[in-house]
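In this text the structure is predicted, and so the values were computed from the model without any measurement. Chain identifiers are assigned alphabetically (A, B, ...) following the order of the sequence lines, protein sequences preceding nucleic acid strands; residue numbering begins at 1 within each chain.
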Amino acid sequence: MFTDFSTTSLRHSMRYPFNEIEPRWQKYWEENKTFKTGEDFSMPKYYVLDMFPYPSGAGLHVGHPEGYTATDIIARYKRMRGFNVLHPMGWDAFGLPAEQYAVKTGVHPAITTKQNVETFRRQLKMIGFSYDWDREVNTTDEKYMKWTQWIFSQLHKAGLAYMAEVPVNWCPELGTVLANEEVPEQIEKGFTVWRRPMRQWMLKITAYAERLLTDLDELDWPESLKEMQRNWIGRSEGAEVRFDIDATDDSITVFTTRPDTLWGATYMVLAPEHPLVDKVTTDAQRKAVAAYIDAASRKNDLERTELAKEKTGVFTGAYAVNPMNDERIPIWIADYVLMTYGTGAIMAVPGHDERDWEFARSFDLPIREVIAGGNVDEAAYTDTENGVAVNSDFIDGLGYTEAFEKVVVWLEENGRGRRKVNYKLRDWLFSRQRYWGEPFPIIHVKHPDGHEEIKLLPEDALPLTLPTVESYKPSGTGESPLATIESWVNTTDSETGLPAMRETNTMPQWAGSCWYYLRFMDAHNDEMFCDKEKEAYWGPVDLYVGGTEHAVLHLLYARFWHKVLYDLGHVSSKEPFLRLVNQGMILGEDGRKMSKSFGNVINPDDVIRDYGADTLRLFEMFMGPLEQVKPWNTKGVEGVHRFLNRVWRLFIKEDPEAATAEFDASIQDVEADTESLRLLHKTIKKVGEDIEALRFNTAISQMMIFVNEMNKKDVRPRAVMETFVLLLAPFAPHLAEELWRLMGHEATLAREPWPAFDPVYTVDDEVEVILQVNGKLRDKLLVAKGTAAADLEAAAKENEKVLAHIEGKTVVKVIAVPDKLVNIVVR
RNA sequence: GCGAAUGUGGCGAAAUUGGCAUACGCGCUAGACUUAGGAUCUAGUGGGCUUAGUCCCGUGGGGGUUCGAGUCCCCCCAUUCGCACCA
């Protein structure tokens, strides 16, 4: 022990000396490596993980410590329960803000990142979190990046990474493309985003769509979050149907979930970007079609959908043939059909699809009823439960399910289509035209015959690090600033000696966070991304806590990578995060979202300065249920601070003159009285159960009850008080450690066994039984626990107040529940 | 429009199995100590009342089940979040 404990003074007579206690214990923990995670694999393990932060320049926000305190309480509690606890922290340090700052100032993002990380680390240490800092990881660290690139190589080898010319979301202000998921955020910021074809790296997440969907069922995650992932994956069962184009050899394939309405298809619609558009358009319509396509290309998906009130479209002049009835139906193009979903083409059944109905009304196209039950003149009839097929040949009279099956069989037998499951989920656009990201371990080899070969760098060439650049500005051509560094870009293929160019795209921020939870298990391994034995022991994560903002992106991508690694035999579980909890956002004191513009931002540093870290921790947990959105309240902070002061005064003599802390005279080595024991054991039980269930607010209120009761006593049995300190420890570790030490213990309480409660003291031998007449409370009765129903009934019938209410009336029924109540029903 | 969650004092909230509604904290009121109190401690604090009674009402609104409903069922309203032409 190197820490100096000689000066616990009472300089601040009214408030306990948190500003001395806290830094001192933080120093002690650091020097003694109190929270270093052991590697005794015979112990039961518990892996409790926070979503690691992006170290922004603004520093820690009060929202961060909310989830972090929750996991820290769990970690400290589990350690005391004898678990080998893995509780690490790191940095998701690639990201746009550092790069944009670099563009503006010319300061290398690595420098900004390093400074920000230092701030974050210092702030987190000031709150007293029990992280094993020896396992700290940083996604921008070359040693970490090496394995991110290695995992990409595995994906590539597995055929899950490919390059494709795809319409991307191009943002001219940022000079980069965006993932679909990132678009709404940027538009909100006022940036423009439009479609532009570009050669991009894609990851084949769609190959895992089904498993990502079905495996959700096994996870202990919030239902709403699972629902969000289900919606994002968007599975729908239907059929692909091929429509011949009249007078040509071409055909249009559509996806439909309603093959039972095929006879009602009165026209077809292609997305404006559909490859067949150009081919089928007649000369007469060519001008109108071209104008329409041009207008559509200037809109993004959001404008084409959400903002479009009226349906627009243009006739191509061509006709298709309905395979069910050989009818000639017109082919239109319209931007309400998206190239990115299904086949980019639909059969329009205006009678039974709302969008098609609207479109048909706008353009005066025929609406035909093929499902009876509604009135297609007024609205599309889409009921699949009650509708019955009509005007539909061999399925007439059938309900949805039978009709669906029969049509699919017919399509397959006649070679006109097939059963098909379609997903909304699209492949993951994995490249960014930025500097501050992981370079792809890829070279484009130029063969003498002129063809280009995409080749992975050999494993021993990893990590491929970022070169220094003079300007961080996007090149403007759609390529990253890396493209301008010729000495870096031009290289040779070590295998063939042929000239090659490096890939100049970088990976998105999500890459590093897809596997960091694995790296924590074996943070310094230079031979592998994570040792197999360690992974088998630590994985999967038992509890993962973070915000809802990562509901679909990070959590879906990480699950995808995990499944790939599982398939390749690198990890032992199908899913990375067994249990997941979203902490609710903390609002400003005014009930609005904390924001600089509202001036309602609370800085954790200020709270720690004024009240101490233990108060910050305790208040964040006392505010309400973890999952809930709740407003900050400075008065509430003072409330929990008062509680901690009371705890201190329960033990320590109030004497402003004293140089060192001395025990209050009430702390005595006496045998505990039954009343204190009852209080203590009830508190042990409730605090333990509440921690397990993440109900920290009620655990704290029970400790407050304990303190309020003990406060009234002149004698506070030492053993009782000592046990209480252990209960408080996960919540207010600095104060608890200090009291523990003052009670004469040499070492930290971090691994003291969690107190056990004795059921003898948690149940009272006398209980209050409620006496009711007609369900209304009339009196209460104190009886021995377990008093028989018959005895309760007899006692109730002798009770004066009860008698007053049943006098002169007929007793119809008596309900007597032992230890609860007696209810006499009279008429 | 679709989906999910949530509605309890002046405020944050509790009530774990259908059994005392409002624990705990804030705020407020009164008192004690004090030169002082923005410290501390004690007591009180859902609403109503010509009968101040251990009376009546009371958990978003309406109905229902039950001896008994914040809790279970049905309908409605509000708020928040997510999705949104997904064929």
Open item on the list: Starting the side chain at C-beta, find the nucleotide from B:G27, B:A87, B:U16 nearest to A:Thr256.
Closed with: B:A87
TODO: Once you apply the 3.5 Å cut-off to both distances, tell me the Watson-Crick or G-U wobble partner of B:G38, or none.
DONE: none
Open item on the list: OP1 or OP2 of B:C67 versus the side-chain N and O atoms of A:Gln772: is any pair under 4.0 Å?
Closed with: no
Task: Any A:Lys630 side-chain N or O less than 4.0 Å from OP1/OP2 of B:G12 - done: no
- [ ] Output the single nucleotide from B:C20, B:U16, B:U40 whose closest atom is nearest the side chain of A:Ile770.
- [x] B:C20
TODO: Tell me what A:Pro222 touches on the nucleic acid: a base, only sugar-phosphate, or nothing, going by heavy atoms under 4.0 Å.
DONE: nothing
Open item on the list: Is it the case that the base of B:U42 and the side chain of A:Lys712 share a donor-acceptor contact (distance under 3.5 Å, atom types as modelled)?
Closed with: no
TODO: Searching all strands shown, indicate the nucleotide that pairs with B:U79 (Watson-Crick or G-U wobble; both distances under 3.5 Å).
DONE: B:A5
- [ ] Answer yes or no: does a side-chain N or O of A:Ser224 lie under 4.0 Å from OP1 or OP2 of B:G3?
- [x] no
TODO: Would you indicate, yes or no, if B:A14 has its OP1 or OP2 atom less than 4.0 angstrom from a side-chain nitrogen or oxygen of A:Arg695?
DONE: no
- [ ] Return the value, rounded to whole Å, for the distance between atom CG of A:Leu587 and atom C1' of B:U79.
- [x] 13 Å
Open item on the list: Within the 4.0 Å heavy-atom criterion, would you say A:Gly639 contacts the bases, only the backbone, or no part of the nucleic acid?
Closed with: sugar-phosphate
Open item on the list: On the nucleotide B:G25, are OP1 or OP2 found under 4.0 Å from the side-chain N or O atoms that A:Asn708 carries?
Closed with: yes
Task: No-hydrogen, no-angle side-chain donor-acceptor test under 3.5 Å, A:Tyr336 and A:Asp356 - done: yes
- [ ] Give a yes or no answer on whether the side chain of A:Gln229 reaches the backbone of A:Ala551 with a donor-acceptor pair at less than 3.5 Å.
- [x] yes
Open item on the list: Taking any heavy-atom pair under 4.0 Å as a contact, classify A:Ser236: base, sugar-phosphate, or nothing.
Closed with: sugar-phosphate
Task: Minimum-distance nucleotide (side-chain atoms of A:Ile705 versus B:U40, B:C24, B:C67) - done: B:C24
Open item on the list: What's A:Lys635 touching, base or sugar-phosphate or nothing? Going by heavy atoms closer than 4.0 Å.
Closed with: sugar-phosphate
TODO: Name the orientation of the base relative to the sugar in B:G7: syn if the glycosidic angle is within 90° of 0, else anti.
DONE: anti
Open item on the list: Could you tell me the Watson-Crick or G-U partner of B:G68, where both distances fall under 3.5 Å? Say none if there is no partner.
Closed with: none
Open item on the list: For B:G44, give the paired nucleotide (Watson-Crick: N1-N3 plus N6-O4 or O6-N4; G-U: N1-O2 and O6-N3; both under 3.5 Å), or none.
Closed with: B:C28
Open item on the list: Between B:A23 and B:A14, how far apart are the two C1' atoms, rounded to whole Å?
Closed with: 5 Å
TODO: Answer yes or no: does a side-chain N or O of A:Arg230 lie under 4.0 Å from OP1 or OP2 of B:A4?
DONE: no
Task: Residue-phosphate contact under 4.0 Å: A:Asn697 side-chain N/O, B:G25 OP1/OP2 - done: no
- [ ] Classify the side chain of A:Asn231 versus the base of B:C83 as yes if they form a donor-acceptor pair under 3.5 Å and no if they do not.
- [x] no
TODO: Any strand is fair game: report the nucleotide pairing with B:A21 by Watson-Crick or G-U wobble, both distances under 3.5 Å, or none.
DONE: none
Task: Strand partner of B:U50, provided both Watson-Crick or wobble distances fall under 3.5 Å - done: none
